[in-house]
Number of protein chains: 2
Amino acid sequence: MIEARHLRVLRAVAATGSFSAAARELGCTQPAVSQQMKALEQSTGTPLLIRTGREMRLTQAGDALVRHAAGILAGLTAAEEEVAAIAGLRAGRVRLVSFPSGSSTLVPAALAALRAAHPGTRVSLVEAEPPRSVEMLREGDCDVALAFRYEGRRDASQKKGGGGRREGEGATADDWDDLVVRPLLADRLVGLIPENHRLSGDDAVSIAEFADESWIAGCPRCRRQLVDVCESAGFVPRIDFATDDYPAVIGLVGAGLGVAVLPELALESVRPKGARTVTVEPAVHREIVALTLPDLARVPTVAATLDQLAAAADRLSAAAAH
Amino acid sequence: MIEARHLRVLRAVAATGSFSAAARELGCTQPAVSQQMKALEQSTGTPLLIRTGREMRLTQAGDALVRHAAGILAGLTAAEEEVAAIAGLRAGRVRLVSFPSGSSTLVPAALAALRAAHPGTRVSLVEAEPPRSVEMLREGDCDVALAFRYEGRRDASQKKGGGGRREGEGATADDWDDLVVRPLLADRLVGLIPENHRLSGDDAVSIAEFADESWIAGCPRCRRQLVDVCESAGFVPRIDFATDDYPAVIGLVGAGLGVAVLPELALESVRPKGARTVTVEPAVHREIVALTLPDLARVPTVAATLDQLAAAADRLSAAAAH
DNA sequence: CTCAAGCATAAGTGAGGCTTGGAGCCCGGG
DNA sequence: CCCGGGCTCCAAGCCTCACTTATGCTTGAG
């Protein structure tokens, strides 16, 4: 087995014509060079150098080895440089998956900052709702997943014993114990009602006030959360419309077809027309997090993406504070 | 510094998808694989593998490394194979230099046998007389030199003290102490005289009988030897012609222009016309040897060439015995 | 002849790799 | 529900290997 280190020394010897000069060039002592050449000759089983008094000449085998060494060492340094570029954030692609309202607010800000901080890095973005996005993460189809969870459901999975398993499908898709969970921001749920609604003058409204309203619900998880909260308030919401598309929800409310409860973030990039927001009691929050695999969290591009997501989230919540 | 050994292991891990399987493939234990991958990740400074419960996946950096590994390892094995081919006599060129009468007899037989024994090896042949051929050997312009020396001149160089230095030029060109000297055969000097010469009836003639003859001499070294021998016999030869070309010498003798003393080997491949050989007294021999550098003697192609030269010389002298 | 330079060798030291043995984890079968 | 098999990581011990310093030898130049 020829070692690359030996080839490097051999090349230096061939270039300088002497062991001592090669040693100086390589930054080691002359016996080290002498020993390495001896080892290389032993491993190849044939003399590579002929020591003739004055000069050091190559045998044919040595010449062949030096000839190959160029390509091999070039390949090695190319590999090192490419890996270093990825590790040094001068290259590399991170595959991000996000849910819709995240990809329209947090993600653009984060990716713009990432590109500014590390030109050369590339991000591919795919949209998927949390159960599916976590699945993609686990299957290696993405590197970072933006997801959210509603408060009180943090410990949706207690090891194995308890209740768990709300949907037969997900199995452990909602179990994030084995993932790196990076909290980004706490998103508040707000009520959205038509401007001409009877309660549109109030700033804060108990959710029980909406017991008899027609509801427009969002994605499955949000709908489930809505039903839970309403049940706690003592009624079952009458859901007339359900859509993943938040702009559509806002449009429906603006058209006076019902009321909705939706995350503040979903309103960030949309200007509701014909609708206004009200604070609902009890206050409900969802936590937006970035997820990744433990090993991936140590990959520089992934770590940088997480950092930029967190920074964007900070900026976002700071802006909302005003 | 990325080591080729690590790349080999990484490639096995990527191919098999597990450390244990890679270890089995590589013939080592699993912790060895685990440690090597850890070392590789540390030397590159970035994670290369992500261990996700079931399967082992590559990070982008790991993928880049595996991609480069193919070329690097291919280059390494190509280098190993080329060197092995040279070492195993399946390839390689040996540069041979010989004096004329050697290259017409010994050399063809030896090279034919070499090619038969080791197809793939190539030999390049250049003609040069001994002082120059030894110089070429020392300067790296050839690998094996066929040369000859006259008896009594074996120790032409006693370390440094004595007389030495016959020609100011050669300096150490006649000093073979630092060379590998492989004796091939002892070549006897024979007299060559015209068929109508007064002594052509004799089988053995004292050289003193030729004191008044016209002489035709060969190469400078042979001429010098001739002069020495004649001086010992008490006369100075009258040299009317001198040429390196033995066939020309033979032709001149055949034409009755004089007598000559020349090595038997020079007559091996020439049928003298109009001349016949006689044994001269005192008997003079020259020793034909193959020379090479000590380091070169360990090169397989060179060693094989020396062996075939020796074998050819044995066949030649065995044939001459009849 | 003396001096400088270069290579080879020997001995000592240190790092690093490999192995064995054990623990934790996940999966599938009884 | 438990349990065996397979996988990985961790720790400890051993051993090999590479580098260093120090020394001797040879060669070429002044």
(message) Quick check on C:dA5: is either OP1 or OP2 less than 4.0 Å from any side-chain nitrogen or oxygen of A:Ser18?
(response) no

(message) Side-chain N or O of A:Arg24 versus OP1/OP2 of C:dA5: is the shortest distance under 4.0 Å?
(response) no

Rounding to a whole Å, what distance do you find between [X]:[atom1] and [N]:[atom2]?
X: B:Leu40; N: C:dG16; atom1: CG; atom2: P; value: 15 Å
X: B:Gln42; N: C:dA15; atom1: CD; atom2: C1'; value: 13 Å
X: A:Ile50; N: C:dC7; atom1: CD1; atom2: P; value: 14 Å

(request) Any chance you could measure A:Leu184, atom CG, to A:Leu306, atom CG, to the nearest 0.5 Å? (result) 8.0 Å

(request) Calculate, to the nearest 0.5 Å, the distance between atoms CD1 and CG belonging to B:Ile50 and A:Leu296 respectively. (result) 4.5 Å

(request) Measure the shortest side-chain to side-chain distance between B:Thr301 and B:Leu89 over non-hydrogen atoms and say whether it is less than 4.5 angstrom. (result) yes

(message) Enumerate the side-chain hydrogen bond (donor to acceptor under 3.5 Å, both in side chains) contacts for residues 73-85 of chain A, please, sequence neighbours excluded, ordered by first and then second residue.
(response) A:Glu82-B:Arg67

(message) If the threshold is 4.0 Å, N to carboxylate O, is there a salt bridge linking A:Asp143 and A:Arg93?
(response) no

(request) Hey, could you give me each pair passing salt bridge (charged side-chain N to carboxylate O under 4.0 Å, His left out) that has a residue in residues 8-27 of chain A? Not counting sequence neighbours. (result) none

(request) Return each pair, listed once, that meets salt bridge (charged side-chain N to carboxylate O under 4.0 Å, His left out) where at least one residue sits in residues 34-45 of chain B; pairs must be two or more places apart or across chains. (result) B:Glu41-B:Arg51

(message) Output one letter per nucleotide in nucleotides 9-25 of chain D: B when a protein non-hydrogen atom lies under 4.0 Å from the base, S when only the sugar-phosphate is that close, - when neither is.
(response) BB-------SBBBB---

(request) Quick one: list whatever passes ring-ring contact (aromatic ring centres under 6.0 Å, His included) with B:Phe19, sequence neighbours left out. (result) none

Can you check nucleotides 2-4 of chain C for protein contacts, nitrogen or oxygen pairs under 3.5 Å, and list what you find?
none

